[in-house]
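See below for the structure under consideration.
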Amino acid sequence: MAKFKKKISLNKINVAKISSGTMLGQIISIISLPIITRLYGVEAIGFWALINSSAMIVKSFSDLGMSHSLMLEKKNEILQTYKVITTLVGFFSILSSIIVTLFLLKFSSVTINPYFLLIFLFIIIFTTQQVQVSYTWLNRIGEYNVLMKNPLINNGIYALVAIVLGLLGFGIYGYLIGHCIGQISTLIHMKKNLPKSLFTFNFSDFKYVLIKNNRFVKFQLPTNILSNFKNQLPILLIEFLWGTTILGYYSITVKLLQIPISLIANAIGRVFFQTIAIRKKEGKDLGVYVCRNLKRGMFIAAIPILLLTAFGDIIVLIFLGEEWRIAGYFIQILAIQFFFMFVMNTVQGISTVLEKQNLAMISSLLQVFGFIVGALIGTLLYENIYLALIFMSVFYITFHIIYLSRLLYIMKLSRFLYIKYSFISVSIILISAVFFRFIFNKLVEVFNFSMFGLLLI
């Protein structure tokens, strides 16, 4: 019992370490955001969202689904697996950067130098996956002191470079270079604590690793592809149906709504993944621990999501200015969806540990279907971006609840448990948000706060 309590206490310390670094990184991001949005405008931010979305889709398959195997790999074989994964990532990064460059040059409305775009895309695509692979390795060995510095390095360097280059008149190039240097700096910081060997061109290494990890290739790979495609699909749909400007508003919306996820949920999720992997190796029950983590995640998420639901438009107007009012409305519409995304991030790796990647794949496939149908209904039938986002969000939430309820049932818990938690949480958030906004509006009317007058329009 004492050993278990000590382990729980250590988990809390590790969560606190990662959260503190993430908090500092997010503070830098929040402080720099009003400056960057004013320097570069909606279209540049929308174009970066499209590029980053492409990198995330490539990330989903460039490791053939084997990155998570590093958490479960035998100690004497982990280096071999790491080098195989990194080599695969390098190959797919080169190929994908060429394809994406040709696609963007043909279909994007943004004018940019093709050679710059090609080099930039390769760097972003390669480093995006390499950062994730390095995260997994460092998470396995418990190097949380290293992980906690990553958001600070990435956001700090990105913000500094982007602002300086923006003031010097570099235009969209300054914004993209800022992201690029921030990512490279983060990877260099992590690589100091990883093996110097990076690539392998030994065919026997590939054959052995691929055969040994064939279950990840068969199940985790398609799951990752569907999951990442699902996450990036709203960006692709908005770009295709509504254009880069609306995508810029959506991108800022996602950035603000992801702050609680980046700040808290991801830290909880990384430690959760490590903990349940260990518990499974030790043959311990997972159900009670997973359920407790879900309830804690919902409780923590409720407060920031409530505030964003009630005051998202006000926050954006004060923080970013009148130009970004549409993003404020987007925040209020999508806040509940991001509540469930927060919860999902607190239980990272659960399908992998339970070896139920097939369920995660089916869930992602259903959510892809929901996003497409929701976007088309809102666009083609109503020609209204707000209704499109509402329909997309409702479909996502529905399939998410069904998926997690099924996983709880597999762990011998009631499948209705998560449905009950979800209904209670969403009801409290929506009722409280309406109440607080009503009180705020009345205060503005009664005391005639002129600075908030436009917010009631």
Side-chain angles (χ1 to χ4, degrees), residues 1-20 22 67-73 135-144 147-148 215-216 219-220 223 227 260-303 305 339-360 363 400-425:
M1 185 67 180
K3 186 178 179 181
F4 178 75
K5 287 184 177 179
K6 184 178 179 181
K7 188 176 290 186
I8 294 296
S9 178
L10 182 61
N11 286 343
K12 289 181 179 178
I13 292 171
N14 291 336
V15 170
K17 283 181 179 179
I18 297 176
S19 295
S20 63
T22 305
S67 288
H68 278 177
S69 71
L70 295 174
M71 286 294 291
L72 308 172
E73 192 65 87
Y135 251 116
T136 305
W137 183 306
L138 295 173
N139 191 19
R140 172 193 168 109
I141 61 177
E143 286 288 351
Y144 296 108
L147 296 180
M148 69 180 287
R215 69 188 189 279
F216 287 94
F219 300 112
Q220 192 65 49
T223 298
S227 179
I261 295 174
S262 301
L263 191 61
I264 307 169
N266 285 341
I268 295 173
R270 289 189 187 105
V271 176
F272 171 86
F273 189 13
Q274 183 198 42
T275 303
I276 60 170
I278 292 172
R279 288 177 70 88
K280 185 179 181 182
K281 286 178 184 177
E282 296 174 350
K284 294 181 179 178
D285 176 69
L286 301 177
V288 175
Y289 178 74
V290 171
C291 190
R292 184 168 62 243
N293 220 65
L294 280 173
K295 288 194 288 186
R296 180 175 58 168
M298 297 178 99
F299 178 78
I300 294 171
I303 295 175
I305 295 301
F339 168 79
F340 288 103
M341 292 174 72
F342 181 104
V343 174
M344 193 69 235
N345 275 271
T346 64
V347 290
Q348 288 179 29
I350 184 171
S351 63
T352 302
V353 173
L354 292 175
E355 296 185 13
K356 293 296 179 182
Q357 294 97 326
N358 59 322
L359 290 181
S363 175
H400 160 85
I401 292 174
I402 293 172
Y403 167 62
L404 270 186
S405 297
R406 178 61 182 169
L407 290 182
L408 289 180
Y409 179 73
I410 290 169
M411 290 182 283
K412 299 179 180 177
L413 297 170
S414 171
R415 69 177 70 197
F416 299 106
L417 199 60
Y418 188 59
I419 297 173
K420 182 179 76 173
Y421 293 157
S422 300
F423 178 77
I424 293 171
S425 300

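The structure displayed is predicted, hence computed values, not measured ones.
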Task: Within 6.0 angstrom of I303 CD1, more than 12 heavy atoms from elsewhere - done: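 At most 12 heavy atoms, drawn from other residues, nucleotides or ligands, come within 6.0 Å of this atom.
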
Task: K412, NZ atom: more than 12 neighbouring heavy atoms under 6.0 Å - done: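 No.
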
Open item on the list: Here's a test for you: under side-chain contact (heavy atoms from CB on, under 4.5 Å), which of L407, L413, V343 qualifies with Y418?
Closed with: V343

Looking only at non-hydrogen atoms, find the nearest pair between [X] and [Y] and report the distance.
{"X": "M298", "Y": "F339", "value": "O-CE1, 3.5 Å"}
{"X": "M411", "Y": "I350", "value": "CE-CD1, 3.8 Å"}
{"X": "L286", "Y": "R279", "value": "CD2-CB, 3.7 Å"}
{"X": "N139", "Y": "Q274", "value": "O-NE2, 3.2 Å"}
{"X": "L408", "Y": "S414", "value": "CB-O, 4.3 Å"}

Supply the atom-to-atom distance [X] [atom1] to [Y] [atom2], rounded to the nearest 0.5 angstrom.
{"X": "L404", "Y": "S422", "atom1": "CG", "atom2": "OG", "answer": "8.0 Å"}
{"X": "R406", "Y": "S363", "atom1": "CZ", "atom2": "OG", "answer": "13.0 Å"}
{"X": "R415", "Y": "S405", "atom1": "CZ", "atom2": "OG", "answer": "8.5 Å"}
{"X": "L138", "Y": "Y135", "atom1": "CG", "atom2": "OH", "answer": "9.0 Å"}
{"X": "K295", "Y": "L417", "atom1": "NZ", "atom2": "CG", "answer": "7.0 Å"}

Indicate yes or no: at least one non-hydrogen side-chain atom of [X] is less than 4.5 angstrom from one of [Y].
{"X": "C291", "Y": "Y421", "answer": "yes"}
{"X": "F342", "Y": "I264", "answer": "yes"}
{"X": "R296", "Y": "I300", "answer": "yes"}
{"X": "Y403", "Y": "M344", "answer": "yes"}

Open item on the list: Quick check against the 3.5 Å criterion: does N293 have a side-chain atom that pairs as donor or acceptor with the backbone of T346?
Closed with: yes

Task: Main-chain N/O of N345 paired with Q348 side-chain donor or acceptor, under 3.5 Å - done: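 Checking the backbone N and O of N345 against the side chain of Q348, a donor-acceptor pair under 3.5 Å is found.
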
Task: Intermediate values then yes/no, side chain to side chain contact (heavy atoms under 4.5 Å, CB included), T136 and R140 - done: CA-CA 6 Å; T136 305; R140 172 193 168 109; 5.8 Å; no

